[in-house]
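Following: one structure in structure tokens, then a few remarks.
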2 protein chains.
Amino acid sequence: METQQREQRRPYGRRRRRSPEQARNEILDAAERRLAAGGPEAIRLKEIAADAGMSHPTLLHHFGSRQGLVEALAQRTMRGLASDLLAAIHSPGPVASAPATLDRVFQILSEAGHARLLVWRVLAGWTQSGKSMEATLLGEVTKTLHARLTSLRHQRGLDPPSRDETAFTTLLAAFAIVGEAVVGSLVLNESELGISRPEFRDRLVRLVLDRLVGDAPGGADELVS
Amino acid sequence: METQQREQRRPYGRRRRRSPEQARNEILDAAERRLAAGGPEAIRLKEIAADAGMSHPTLLHHFGSRQGLVEALAQRTMRGLASDLLAAIHSPGPVASAPATLDRVFQILSEAGHARLLVWRVLAGWTQSGKSMEATLLGEVTKTLHARLTSLRHQRGLDPPSRDETAFTTLLAAFAIVGEAVVGSLVLNESELGISRPEFRDRLVRLVLDRLVGDAPGGADELVS
DNA sequence: GTCACTATCTACAGTAATGTCGATAGCGAA
DNA sequence: TTCGCTATCGACATTACTGTAGATAGTGAC
């Protein structure tokens, strides 16, 4: 051992002093990268600290404990996801933009690793009791969606959509997106199923639109009946 | 602490000698319970050993290493899942039994914690390269399903289903089921969405049947056109 | 019964991860 | 400049978990 050159080691080298906020952000960035790259077990204080260019007691100073860091990470991620999603849905636009919006949702969830973090949280069991952020987010999405759909179909002289129907379809899409984001790589890449990831997404988008706004070809009719 | 009575402890107490196969099974049972209850980080050799009523070196004797145990667990789980699924699908019966079959699938995946294990495997990244068990399983399910559907619809004078359509619907159901199994508890319990887990499952089953066999009320018509 | 085989045990080694402690250095304020 | 605050650091304590070693005890074969 004794890998540290005792004589040459100058005690207390140069430090970079950050604002607490920036330090927390840099730490969370590093943790997020680790998580996305290596999975749940890849959150090691020392590794994250090295990635962020600091020593691991600094992480503990800012977050109190590993658990604190992990919860902060989850919170920040969910908050970002929520604001992204709500912004995408709130943004006004023609129905034609709906596929783009849904595509955006796909990207947000799967590419950025949000789905992984979400699922990890659930698996690890450290979801705080009470109403979860996810449930709240989904409720709000459903509500917004329902309002938009109602006005949309009103323009076309259609009845307002059933609330249950909207909720179910939203849930279905959410679950399918999460499922695809997490296990999709395992199943969709070069399988003999003959369906690629973009193709699956495309079909899912069409299905959702079909069920919700009756916009897809052949879908409008059944909505009237 | 000091639960072990040091003076009364007789060295080398009674042992229960199992067959290697049974030992492996008991160990895997315990590991599966731990995993389902506590998530990925809950696989501790000593805890599992205690649950199974043995000491932890015994696990190492049978599986070589923790990784070996984990892989064996994954393999057994996927094998069981596959055989259960295929059996359920292969079993002949009227279309009326389709909902029961799908319900079975739900149970297999969510109650037994298979989905958790599956997702965990993906998150942890220790999926062997090459074609995954999951892809193979899904391919087989799709193939079998397609065959059954073809004969079923033939009886009714309908065209055989499109292969892509079957594949997509199967995928959609698979993803949705995995998603529901993993994050459903977070979102569906006492949320203001107004949809309970059984209700969601029921609707999903109807949706799948509708798309695949046109069996749900109002669904048969669109299949003819 | 005797014997070989091996599943199982206790005890310990080695490693690694979280968390603590006291010292230090950057930075803004007085 | 000087001072105080605290973000940061090195070193260490603690704990926990995986894996090893050698001894022991079931169990079937002969």
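Note on naming: letters A, B, ... go to the chains in the order of the sequence lines (proteins, then strands), and numbering restarts at 1 for each one. As the structure is a prediction and not an experimental result, all values here were calculated from the model.
- Among the nucleotides D:dC9, C:dG19, D:dA25, the one closest to the side chain of A:Ser65 is C:dG19.
- At most 12 non-hydrogen atoms from other residues, nucleotides or ligands lie less than 6.0 angstrom from CD of B:Glu21.
- In this structure, the CD1 atom of A:Ile48 is 8 Å from the P atom of C:dT18, given to the nearest Å.
- Between A:Leu59 atom CG and D:dT8 atom P the separation is 10 Å, expressed in whole Å.
- As judged by a 4.0 angstrom heavy-atom cut-off over every strand, B:Ser19 is placed among residues making no nucleic acid contact.
- In this entry the distance linking CZ of B:Arg15 with P of D:dA25 reads 6 Å, nearest Å.
- Within the structure, a side-chain polar atom (N or O) of B:Thr58 is placed less than 4.0 Å from OP1 or OP2 of C:dC9.
- The pair B:Arg33-B:Asp51 does not count as a salt bridge, with every side-chain nitrogen at least 4.0 angstrom from each carboxylate oxygen.
- Between B:Arg17 and B:Gly64, the one whose closest nucleotide on DNA chain D sits nearer the 5' end is B:Gly64.
- D:dT8 atom C1' lies 16 Å from atom CZ of A:Arg24, rounded to whole Å.
- Nucleic acid contact class of A:Pro20 (heavy atoms, under 4.0 Å, all strands): sugar-phosphate only.
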Test side chain to side chain contact (heavy atoms under 4.5 Å, CB included) applied to B:Phe175 and A:Phe175, step by step:
CA-CA 7 Å; B:Phe175 287 154; A:Phe175 288 153; over 6 Å; no

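- The listed nucleotides are C:dT8, C:dT10, D:dG19; the one nearest the side chain of B:Pro57 is C:dT10.
- Counting heavy atoms from C-beta outward, B:Asn25 and B:Arg76 have side chains that approach closer than 4.5 Å.
- Residues A:His56 and A:Arg44 fail the side-chain proximity criterion, which asks for heavy atoms closer than 4.5 Å.
- D:dG22 atom P lies 17 Å from atom CG of B:Leu60, rounded to whole Å.
- One atom, CE of A:Met54, and another, P of C:dA25, lie 19 Å apart when rounded to the nearest Å.
- Contact annotation for A:His56: base contact, defined as any heavy-atom pair under 4.0 Å involving a base atom.
- A donor N or O paired with an acceptor N or O is not found under 3.5 Å between the base of D:dT8 and the side-chain atoms of A:Arg16.
- The CD1-C1' distance, from A:Ile43 to C:dA16, rounds to 17 Å in whole Å.
- If you measure from atom CD of A:Gln22 to atom P of D:dT8, you get 9 Å, rounded to the nearest angstrom.
- OP1 or OP2 of D:dA7 sits under 4.0 Å from a side-chain N or O of A:His61.
- Nucleic acid contact class of A:Leu45 (heavy atoms, under 4.0 Å, all strands): sugar-phosphate only.
- Side chain A:Arg44 to base C:dT18: no donor-acceptor pair is found below 3.5 Å.
- Note on A:Arg66: a side-chain N or O is less than 4.0 Å away from OP1 or OP2 of C:dT18.
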